[in-house]
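Just so you know, these numbers use all the heavy atoms, side chains as well, and skip hydrogens, waters and symmetry mates. We count residues from 1, following the sequence as given. This is a predicted model, so every value here is computed, not measured.
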Amino acid sequence: MTVARPTRIADAAVAVIAERGLRGLTHRAVDEAAGLPVGSTSNLARTRSALLEVALTRIAEVEAAGLVGDVLTRPVGEGAAARRLLVTVVADGLEHALTAGRALTVARIELALEAARRPELRSVYDRLGAGFVDVAVHLLRACGSTDPAADARRLVRWCDGVLFNGTAGGGHANPPGRTELAADADRYLAALLDG
């Protein structure tokens, strides 16, 4: 199957960021990584800001497809069933982000740091991240949370901490595996919901 040129460029931009950091991100570097003629990336994203947005949008698309899937549109049950589903979604998503999706996670962390200095990127980052909070709100409400919006923000912060620790922080050499992530997610949800 042929990948559309904008997707090739976006994937290449993410790969360049993960491999070389933001200093290595140039239109020419993305053209080379995508195997496209010089100028292809500039045609899609004229400015550096536009290129950063393309990369961040692609990261959100890929992460949402793998993590969120159809959670918002299918029955999730209530109480214990919803809690088991949430533990599974969190543990599976974190494990993927720390293993097969590690490069994507590294690129997202790079872009999060850049967003702290670029208001235009911050707004994109926050808008794209809101979709993950919405999923957490939906599942936490089904779990019986008395304040699903606040609990969702707490859960997302915890997940971000796990990802940072396992890719760039002190735990990068030995990130937690699926079993440990599921146990930790279950304990964290118990603290949120039962505490």
Only pairs at least two apart or in different chains count here, so list each side-chain hydrogen bond (donor to acceptor under 3.5 Å, both in side chains) that has a residue in residues 14-31.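 Sorted result for residues 14-31: Asp31-Thr41.
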Would you say [X]'s side chain and [Y]'s backbone share a donor-acceptor pair under 3.5 angstrom?
X	Y	result
Thr105	Ala97	yes
Thr167	Leu163	yes
Ser145	Arg141	no
Arg102	Gly166	yes
Arg178	Glu95	no

Does either side chain, that of Arg118 or that of Ser49, offer a donor lying less than 3.5 Å from an acceptor on the other one?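 Checked: Arg118/Ser49 side chains pair up, N/O donor to acceptor below 3.5 Å.
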Output, in order, the C-alpha distance, side-chain angles, deciding distance and verdict of side-chain contact (heavy atoms from CB on, under 4.5 Å) for Trp158 and Asp184. CA-CA 10 Å; Trp158 177 78; Asp184 288 351; 3.8 Å; yes
If every non-hydrogen atom of [X] is compared with every non-hydrogen atom of [Y], which pair is closest and at what distance?
X	Y	result
Ala142	Gly77	CB-O, 3.5 Å
Ala136	Ala152	CB-CB, 3.6 Å
Ala168	His172	N-CB, 4.2 Å
Ile59	Ala107	CD1-CB, 3.8 Å
Ala29	Val16	O-CG2, 3.9 Å
Val137	Ala149	CG2-CA, 3.8 Å

So, using side-chain contact (heavy atoms from CB on, under 4.5 Å) as the criterion, who are the partners of Ala150 when residues are at least two apart?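 With sequence neighbours excluded, Ala150 shows a side-chain contact (heavy atoms from CB on, under 4.5 Å) to Asp147, Arg153, Arg154, given in chain and number order.
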All side-chain contact (heavy atoms from CB on, under 4.5 Å) counterparts of Pro37, not counting sequence neighbours: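 Testing Pro37 for side-chain contact (heavy atoms from CB on, under 4.5 Å), a comparison that skips the adjacent residues, returns Arg5, Ser40.
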Are [X] and [Y] connected, step by step, through hydrophobic side chains (Ile, Leu, Val, Met, Phe, Trp, Tyr) whose heavy atoms are closer than 4.5 Å?
X	Y	answer
Tyr125	Val14	yes
Phe132	Ile109	no
Val106	Leu104	no
Leu44	Leu51	yes
Leu86	Val135	yes

Rounded distance (nearest 0.5 Å) linking atom [atom1] of [X] with atom [atom2] of [Y]:
X	Y	atom1	atom2	result
Arg58	Thr7	CZ	OG1	5.0 Å
Phe164	Cys159	CZ	SG	15.5 Å
Leu121	Arg117	CG	CZ	10.0 Å

Could you go step by step and tell me if Asp194 and Arg83 meet the side-chain contact (heavy atoms from CB on, under 4.5 Å) rule? CA-CA 12 Å; Asp194 303 335; Arg83 192 158 161 174; 2.9 Å; yes
Which is it for Leu111 and Leu22 under the side-chain contact (heavy atoms from CB on, under 4.5 Å) test, yes or no, and what are the steps along the way? CA-CA 8 Å; Leu111 288 163; Leu22 288 174; 4.1 Å; yes
Would you sort out whether Asp160 and Arg108 count as a salt bridge (Lys or Arg N to Asp or Glu O under 4.0 Å), showing the intermediate values? CA-CA 10 Å; Asp160 280 347; Arg108 183 165 69 83; 3.5 Å; yes
Are [X] and [Y] close enough that some pair of their side-chain heavy atoms sits under 4.5 Å apart?
X	Y	answer
Leu189	Leu140	yes
Arg48	Leu25	yes
Leu155	Asp151	no

Would you sort out whether Leu56 and Leu52 count as a side-chain contact (heavy atoms from CB on, under 4.5 Å), showing the intermediate values? CA-CA 6 Å; Leu56 187 53; Leu52 294 172; over 6 Å; no
Do other residues, nucleotides or ligands put more than 12 heavy atoms under 6.0 Å from the CD atom of Glu61?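 Correct, the count exceeds 12.
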